[in-house]
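Okay, structure first, notes after.
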Amino acid sequence: MSHGLSVPIIRANSQNAKAGITLNLSPIHALTDSSEDQAAAKRLDGFSNRWYLDPLYGRSYPQDSLEILGEFAPDVQAGDLDKIAVQTDFIGVNYYMRNLVKHNPAADNGVEFVKSDKDRTDFDWEIYPEGLTELAVRLGSDYQAKEVYITENGSCYDDTMIEGQVNDEKRRKYLELHLEASSEAVKQGAPLMGYFAWSLLDNFEWAEGYSRRFGIVHVDFETQVRTIKSSGKFYQQFLKGNVLD
């Protein structure tokens with residue numbers, strides 16, 4: 001509702017501004033083709049993705065999620081859904097990983113998260129660039145989004161400074177893979193218009209403080225000295241058009 005009420009105010013005060021919303025989205029994949037695992041994936045998709053996307057694009061809240069919530073479902077007032085579905089110019093996506101799940105009656109909502117055998121960051125997040133492509137295509141095909149921007153995408157590694165340099169090859173590769181996934185989304189017809197790497201600097205992570213580093217520029221938190229990492233040099237060359245031709 002706050003989003004729906006804010007967009008008209010933004011437009012009234014800045015007529016040339018583009019107004020949209022950014023969501024943290026993740027593809028939800030079932031571990032197997034069993035009906036139980038598929039149903040578990042659908043339930044989680046309802047709460048993780050469709051709960052936000054459906055009302056934003058005029059579909060109300062997903063009925064399957066409302067049925068699960070029962071008496072705890074939100075009290076939607078007359079006219080609320082029209083306000084929520086205000087026309088937007090773009091949707092931003094913060095993408096980091098997918099979720100692989102299976103059915104487990106003992107787990108919350110009957111959904112158990114499964115760890116795959118794919119490579120992971122030092123934050124223990126699965127590296128799954130294909131999920132970026134999947135989301136961008138889905139937003140275009142299922143929701144007819146006008147423009148999609150990847151507003152956050154990055155990786156956490158325990159960087160080491162050696163002789164004034166940070167050779168973060170894993171982060172560089174992560175960026176390369178997700179830029180390629182962005183290109184693939186465009187090839188598949190997604191209205192993907194931009195990509196923003198997270199983050200420029202090592203910073204204060206909202207839940208982890210200074211213990212996690214996502215930056216492509218290293219920050220010495222004691223001295224505040226900045227050092228461009230190998231990933232930052234790669235990204236610089238990418239922006240100049242010198243890589244991923």
Side-chain angles (χ1 to χ4, degrees), residues 1-28 44-63 65-66 74 76-99 125 128-155 174-175 178-201 203 205-207 214-216 235 238-239:
M1 277 296 293
S2 61
H3 159 77
L5 295 172
S6 298
V7 169
I9 295 173
I10 292 171
R11 291 197 169 116
N13 287 275
S14 183
Q15 295 182 3
N16 294 323
K18 285 188 175 183
I21 191 170
T22 288
L23 302 174
N24 193 82
L25 302 175
S26 297
I28 312 298
L44 184 60
D45 182 70
F47 286 113
S48 297
N49 298 318
R50 289 182 286 118
W51 185 260
Y52 305 97
L53 291 169
D54 282 10
L56 283 169
Y57 288 95
R59 301 184 185 179
S60 182
Y61 290 99
Q63 188 60 37
S65 298
L66 289 172
V76 181
Q77 302 293 315
D80 284 359
L81 291 172
D82 290 334
K83 294 183 177 70
I84 292 171
V86 61
Q87 187 174 10
T88 52
D89 299 306
F90 70 89
I91 182 167
V93 177
N94 294 347
Y95 175 71
Y96 291 95
M97 58 184 175
R98 69 164 176 173
N99 285 307
W125 290 353
Y128 193 77
E130 300 95 323
L132 187 155
T133 306
E134 179 181 330
L135 285 173
V137 171
R138 179 183 182 183
L139 289 169
S141 62
D142 290 3
Y143 294 96
Q144 290 75 54
K146 295 179 180 179
E147 296 183 356
V148 177
Y149 292 87
I150 303 302
T151 41
E152 281 189 29
N153 176 244
S155 54
Y174 180 100
L175 278 171
H178 286 78
L179 289 167
E180 290 174 346
S182 299
S183 178
E184 178 60 27
V186 174
K187 291 177 183 177
Q188 293 186 28
L192 182 58
M193 307 301 291
Y195 172 97
F196 296 83
W198 184 263
S199 63
L200 176 63
L201 302 174
N203 56 17
E205 287 299 315
W206 70 276
F214 280 84
I216 58 176
Y235 198 58
F238 166 76
L239 295 176

Just checking Tyr52: does its OH atom have more than 12 heavy atoms from other residues, nucleotides or ligands closer to it than 6.0 angstrom? no
Please identify each residue that fulfils side chain to side chain contact (heavy atoms under 4.5 Å, CB included) with Gln87, with sequence neighbours left out. Lys146
Go through Asn13 and Ile9 one step at a time and tell me if the side chain to side chain contact (heavy atoms under 4.5 Å, CB included) criterion holds. CA-CA 6 Å; Asn13 287 275; Ile9 295 173; 3.7 Å; yes
Just distance, no hydrogens or angles: give the donor-acceptor pairs under 3.5 Å from side chains in residues 53-62, sequence neighbours left out.
unit_1	atom_1	unit_2	atom_2	d
Asp54	OD1	Tyr143	OH	2.6
Arg59	NH2	Asp142	O	2.1

Looking at Ser48 and Leu44, would you say the former's side chain and the latter's main chain have a donor-acceptor pair under 3.5 Å? yes
Asn49 side chain near Arg138 side chain, heavy-atom distance below 4.5 Å: yes
Taking every non-hydrogen atom, the tightest pair across Pro191 and Gly140: CD-CA, 3.7 Å
Please round to the nearest 0.5 Å and tell me the distance separating atom OG of Ser65 and atom CG of Asp45. 8.5 Å
Once side chain to side chain contact (heavy atoms under 4.5 Å, CB included) is applied, do any residues pair with Gln188, and if so which ones, sequence neighbours excluded? Thr133, Val137, Glu184
For Glu205 against Trp198, the heavy-atom pair lying closest together: OE2-NE1, 3.6 Å
Side chain to side chain contact (heavy atoms under 4.5 Å, CB included) with Ala85: which residues, sequence neighbours excluded? none
Could you tabulate the donor-acceptor pairs under 3.5 Å formed by side-chain atoms of residues 148-155, not counting sequence neighbours?
unit_1	atom_1	unit_2	atom_2	d
Tyr149	OH	Glu147	OE1	3.0
Thr151	OG1	Val93	N	3.3
Thr151	OG1	Val93	O	3.2
Thr151	OG1	Asn94	OD1	2.7
Glu152	OE1	Tyr96	OH	2.4
Asn153	OD1	Tyr195	OH	2.6
Asn153	ND2	Tyr95	O	2.8
Asn153	ND2	Tyr174	OH	3.2

Restricting to non-hydrogen atoms, name the atom on Pro74 and the atom on Leu66 that form the minimum distance, rounded to 0.1 Å. CD-CD2, 4.3 Å
Heavy-atom pair of closest approach, residues Ala19 and Val7: CB-CG1, 3.9 Å
How far apart are the closest heavy atoms of Met97 and Pro27, and which atoms are they? O-CD, 4.0 Å
How would you list all residue pairs meeting salt bridge (Lys or Arg N to Asp or Glu O under 4.0 Å) that involve residues 80-89, not counting sequence neighbours? Arg11-Asp89
Is the shortest heavy-atom distance from the side chain of Leu175 to the side chain of Ile216 under 4.5 Å? yes
Residues, nucleotides or ligands: over 12 heavy atoms within 6.0 Å of Gln15 CD: no
Would you say Ile28 and Arg98 make side-chain contact, with heavy atoms under 4.5 Å? no
